[in-house]
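Shown next, in structure tokens, is the structure this report addresses.
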Amino acid sequence: MVLGVFGGTFDPIHFGHLRLAEEARAELGLERILWLPAGQPPHRAAPRVTARHRLDMVGLATAGNPYFAVDPTEVEAARTSYTVLTLERLRHEYGPDCALVLLVGADAFAGLASWHRWRELFTLAHIAVSHRPGFPVAATSLSAELATEFARRHLASPARLTDSPAGGIVTFAMTQLAISATQIRQLL
């Protein structure tokens, strides 16, 4: 099984998130996408909307799509939502042979070296980085240590995700939509 893992604050969820998940599923050959709304995100100010409401919004937005499932664990946990802890739990739940693929945008990937226990992410999952067409991830401003990891772990083809359950980095161009959660919050 190749399982996509899509975490985020989703404050609020919008068509850009849904588009990223659908395009990742098609481009990377993912069997399912597991949506994980963050209860207490560590890299930003507290969301305007409660974690429970954000979880409900993700559930409503993904309902009816047989390839999407919502995991409430981060919202229900009474701790900061660290990706490495979530991936450790998922690795335990899905077993050592399931390929886990963490979906992130190019901007989030560029800041990966600031994440809690970030190097351990590669022992738990592959990382799939979405980018704008014509702006490959290699051209993104990456720290020296992350650029080294990218060069060492980059997989030439998404088909290689099934070679191992974790450790690789793949990239895929995503259709850009003129929408963002920040923009939606400002309009509200």
Side-chain angles (χ1 to χ4, degrees), residues 1-105 107-109 111-112 115-118 120-130 158 161-162 164-170 172 174 180-181 184:
M1 178 177 200
V2 183
L3 177 68
V5 178
F6 191 18
T9 307
F10 304 118
D11 182 28
I13 188 169
H14 55 72
F15 287 122
H17 297 125
L18 296 166
R19 169 74 68 165
L20 185 150
E22 278 294 346
E23 290 189 16
R25 189 181 68 75
E27 183 79 20
L28 306 175
L30 305 174
E31 294 171 46
R32 278 182 47 215
I33 306 278
L34 190 60
W35 293 72
L36 290 128
Q40 299 175 30
H43 289 282
R44 57 165 287 175
R48 288 184 177 182
V49 178
T50 68
R52 176 57 59 188
H53 284 128
R54 290 183 290 102
L55 175 66
D56 290 345
M57 285 190 286
V58 171
L60 289 169
T62 60
N65 187 322
Y67 300 106
F68 292 169
V70 180
D71 183 323
T73 306
E74 287 191 13
V75 168
E76 294 169 352
R79 67 170 196 255
T80 303
S81 299
Y82 290 117
T83 302
V84 69
L85 300 177
T86 297
L87 290 176
E88 286 174 340
R89 177 181 59 83
L90 293 174
R91 176 58 58 211
H92 179 73
E93 287 178 23
Y94 287 91
D97 298 325
C98 177
L100 298 177
V101 182
L102 179 64
L103 305 177
V104 299
D107 291 347
F109 182 74
L112 193 72
W115 292 20
H116 182 65
R117 295 170 39 200
W118 73 277
E120 293 176 47
L121 297 175
F122 297 110
T123 66
L124 299 165
H126 297 292
I127 298 178
V129 186
S130 71
L161 291 171
T162 59
S164 65
I169 299 172
V170 294
F172 64 101
M174 183 194 131
S180 74
I184 293 169

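These values consider heavy atoms only, across backbone and side chains, with no hydrogens, waters or symmetry-generated copies.
For the residue pair Asp71 and Leu34, the shortest heavy atom distance occurs at CB-CD1, 3.9 Å. What you find for Thr62 and Val58 is that their closest heavy atoms are OG1-O, 2.8 Å. The two residues Gly168 and His126 come nearest to each other via the heavy atoms N-ND1, 2.9 Å. In terms of heavy atoms, Ser81 sits closest to Glu74 at CB-OE1, 3.1 Å. In terms of heavy atoms, Val101 sits closest to Ala128 at CG1-CB, 3.6 Å. Summarising the geometry of Glu31 relative to Met1, their closest heavy-atom pair is OE2-CA, 3.2 Å, with the distance given to 0.1 Å.
The aromatic rings of Trp35 and Phe68 sit perpendicular, their planes meeting at an angle over 60°, well past the 30° parallel limit. Using cut-offs of 30° and 60° on the angle between ring planes, the pair His17 and Phe10 is perpendicular.
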Fill in: Verdict with reasoning, Asp97 to Arg91, per salt bridge (charged side-chain N to carboxylate O under 4.0 Å, His left out)
CA-CA 9 Å; Asp97 298 325; Arg91 176 58 58 211; over 6 Å; no
Worksheet item: Stepwise, does the side chain to side chain contact (heavy atoms under 4.5 Å, CB included) test hold for Asn65 with Glu22?
Response: CA-CA 10 Å; Asn65 187 322; Glu22 278 294 346; 2.5 Å; yes
Fill in: Steps toward side chain to side chain contact (heavy atoms under 4.5 Å, CB included) verdict (Ile169, Val129)
CA-CA 7 Å; Ile169 299 172; Val129 186; 4.1 Å; yes
Worksheet item: Is there a side chain to side chain contact (heavy atoms under 4.5 Å, CB included) between Val104 and Trp115 once you walk through the steps?
Response: CA-CA 13 Å; Val104 299; Trp115 292 20; 4.0 Å; yes
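Looking at Pro41 and Pro47, their side chains come closer than 4.5 Å, going by heavy atoms from C-beta outward. For the pair Thr73 and Thr86, the minimum side-chain heavy-atom distance is 4.5 Å or more. Between Val70 and Pro37 the shortest side-chain heavy-atom distance falls below 4.5 Å.
Here CZ of Phe6 is found 10.0 Å from CG of Leu102. Values are rounded to the nearest 0.5 Å. Note that CG of Leu87 is 8.5 Å distant from CD1 of Ile127, once rounded to the nearest 0.5 Å. Atom CG of Leu121 sits about 10.0 Å away from atom NE2 of His116, to the nearest 0.5 Å. Note that CG of Leu36 is 6.0 Å distant from CG of Leu90, once rounded to the nearest 0.5 Å. Between the CD atom of Glu88 and the OG1 atom of Thr123 there is a distance of 7.5 Å, given to the nearest 0.5 Å. In this structure, Leu103 CG and Leu30 CG are separated by 6.0 Å, a value rounded to the nearest 0.5 Å.
Between the side chain of Arg117 and the backbone N or O of Val84, no donor-acceptor pair lies under 3.5 Å. A distance-only check finds no donor-acceptor pair linking the side chain of Arg19 to the backbone of Glu23 [under 3.5 Å]. Counting only distance, with no hydrogens or angles, the side chain of Arg54 and the backbone of Gly39 share a donor-acceptor pair below 3.5 Å. Side-chain N or O atoms of Glu27 include none that pairs as donor or acceptor with a backbone N or O of Phe172 at under 3.5 Å. Judged by distance alone, with hydrogens and angles left aside, the side-chain atoms of Thr80 form no donor-acceptor pair with the main-chain N or O of Tyr82 at under 3.5 Å.
Geometrically, Arg25 engages Tyr67 in a cation-pi contact, judged by NZ or CZ lying under 6.0 Å from the ring centre and within 45° of the ring axis.
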